[in-house]
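In what follows, chains carry the letters A, B, and so on, assigned in the order in which the sequence lines appear, proteins first and then strands, with residues in each chain numbered from 1.
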Amino acid sequence: MKIAGNTFGSKYHVDEKGFYGRFGGAYIPEMLYPNVEELQRNYLAILREPGFQEEFDQLLRDYVGRPSPLYFAKRLSEKYKAKIYLKREDLNHTGAHKVNNTIGQILLAKRLGKTRIIAETGAGQHGVATATVCALMGLECVVYMGSIDIKRQAPNVARMKMLGATVVPATSGSQTLKDACNEAIRDWINNPVNTHYILGTAAGPHPYPDMVTRFQSVISEEIKKQLLEKTGRENPDYVMACIGGGSNAAGAYYHFLDEPGVKLIAIEAGGKGVHSGHSAATTQLGKLGIIHASKTLLMQTEDGQITEPYSISAGLDYPGIGPLHAHLYETGRATFLNATDDEALAAAYELTRLEGIIPALESSHALAKLGQVAFKPDDVVVVCLSGRGDKDMETYIRNLPGNTGDNV
Amino acid sequence: MSNRIDQLFAGKRKGVLNIYCTAGFPELNDTLPVMKALQQYGTDIIELGMPFSDPLADGPVIQDSSTRAISNGMSLRVLFEQLKNFREDIHVPVLLMGYLNPVLLYGIENFCKKCAEVGVDGVILPDLPMDEYESEYRPVFEKYGLHLVFLVTPETSEERIRKIDSVSKGFIYAVSSSSTTGTDKDMGHQQAYFERLEALQLKNPVLIGFGIKDKATFDAATVHSNGGVIGTAFIRALEKATNLDSAIQQFIAGVK
């Protein structure tokens, strides 16, 4: 029982009350209490039901195409003078790691007898992954997406519609991921009985951070097996991942959290520079606060209003961070770096030319910091390549070095 | 019995009218004029919204009013400044309603102290979990004589309603449908729920919130309760108002 293992008592896992250190919890209005309490009460028991893990594994294998390859990136390794492996989540069905979680949650929703699914999405990857599993299971699907994101991620909007989902624009606030989340939560308040909210990141009220992390933990479970086959050792020296809310990082770290020899590196979106006023680097700019019912680090004004973040990548454009990651930051278990828009773009072009892989803008943030870690030549470095770049082609073409705007 | 909320319910058991308005809306310095007009035209309780950027339990009308109040410059510091001498004019009970994040950042003890200083009687913080209130904050609220009002919904179990009743002070805020404010659901469908609440014979008075907009819905809501709370409909009336005082007079005349 991998995803349902008992981890209580570990320093880096959630405690019985839903906290990671001083972060986490469920700061929900009473209208959400029955929904969230139902999940809290049932999620581990359902994950432990005979057949749940089996069905989850079977769908991940036959439908998603797992295990995703662990690819030794030879030319990238030569450039950065370390043994760099890419965990190819970009090769999953729907193009990102998000589907690991939506498969898990749709199986859970069915066992809870839910008939309607809602979700929020930023870059559209989680929305597509949710619309996909809803089509697969024949369930109604409503996806909330910020109006600004709807414009900058048009291909994913089209995919969701083709898959039968209703895409509802979130027009309040900054009109990005946090506002999509607000609207999804309001929908859930108005539809308390038949609806399950498939939250896409390791944030939100307990048990979402733990539940999403468990479903994503297949990433690090596979890394261990694949590394053993390829290098004779289970544990890398470094695991690097980008962080918005933090679901791909949570999955990539999970089975290494209690392995102190594995250095965990988290890369946030620096936007136009951490102190430019246009950034989403939460650990650098945030203070303790509550966002989407979770106590965590949060970008906010001195009056406690949530700040509108900025990143070129819609998937990292979030003013908070999952409570697990706030805890990893505070305890020093993970090292937090950030990459600017320009650094992420440069890393995307570099990976494309060196390895023939076009990464998602989100994943490019992780790649962008390969040059800033002092690797030893024998160090084994795993970078979680969380998604593919198809959805970002318009941005990549527009920003191509030397592009004058012609021939586009 | 020094708390004004308790005094009110000691003398009035039926048809208590609580009106919500967002502090600093429509303009920054409208807070006190709106409160004065509310009192003058017969509001029993004033619920003053502390604007928050991400009000999860509210609908779009109240969120928009909060966004406008924030851009007007409203904050907890400004609000307490505005409320400094409000008890010279306002005698009805006043509650502050808002979300936990700005209050946490201000500091719970600091916040309670300020409330007591200016003469606020109670607080509604929908995203403050009851367990955390009991284990961490209750002594602070009680030290400053502040009542914390909790919510119940049609989905809340009897066991939990009884627990909420034992922790809540002042009154209980019964959400009339499991919905964010401003959502139009048929009040008639809620009558069974109101009757169920009445039959529980709770120690706290019960005010029905969410979905009341006029005399008919107010009367329907208060058959089986001690009164009702109006928020969204009042904010809509303020949005359209050319003269705040006459708009408020007209609005309350349309309810009572």
Is A:Glu302 in contact with chain B via its backbone, its side chain, both, or neither, using a 4.5 Å heavy-atom distance? both
Nearest heavy-atom pair of B:Lys169 and B:Glu142: which atoms, and what distance? NZ-OE2, 3.9 Å
Taking every heavy-atom pair that is under 4.5 Å apart, which of A:Cys181, A:Ser172, A:Ala293, A:Gly25 has the most such pairs with chain B? A:Ser172
Residue A:Ile306 versus chain B: region with a heavy atom under 4.5 Å: both
Specify which of B:Leu104, B:Leu76, B:Ile70, B:Asp131 makes the most heavy-atom pairs with chain A at under 4.5 Å. B:Ile70
Between B:Arg236 and B:Glu239, is there a salt bridge with N-O shorter than 4.0 Å? no
Region of A:Thr301 in contact with chain B, defined by heavy-atom distances below 4.5 Å: backbone
Check for me whether A:Lys295 meets the cation-pi criterion with A:Phe19, that is, NZ or CZ under 6.0 Å from the six-membered ring centre and within 45 degrees of the ring axis. no
Describe, in one word, how the ring planes of A:His325 and A:Phe336 are oriented to each other, choosing from parallel (under 30°), tilted (30 to 60°) and perpendicular (over 60°). perpendicular
Region of B:Phe52 in contact with chain A, defined by heavy-atom distances below 4.5 Å: both
Before we go on, tell me: are the rings of A:Tyr329 and A:Phe23 under 6.0 Å apart, centre to centre? no
Less than 4.5 Å to any heavy atom of chain A: does that hold for the side chain of B:Pro51, its backbone, both, or neither? backbone
Any salt bridge linking B:Glu159 with B:Lys163? Criterion: basic side-chain nitrogen under 4.0 Å from a carboxylate oxygen. no
Given a strict heavy-atom distance threshold of 4.5 Å, which part of B:Leu125 is in contact with chain A: side chain, backbone, both, or neither? neither
Here the pair of heavy atoms bringing A:Leu297 nearest to A:Thr282 is O-CG2, 3.4 Å
Quick check on A:Tyr33 against chain B: is it the side chain, the backbone, both or neither that has a heavy atom closer than 4.5 Å? side chain
Using non-hydrogen atoms and a 4.5 Å limit, figure out which bit of A:Leu32 sits close to chain B: side chain, backbone, both or neither. neither
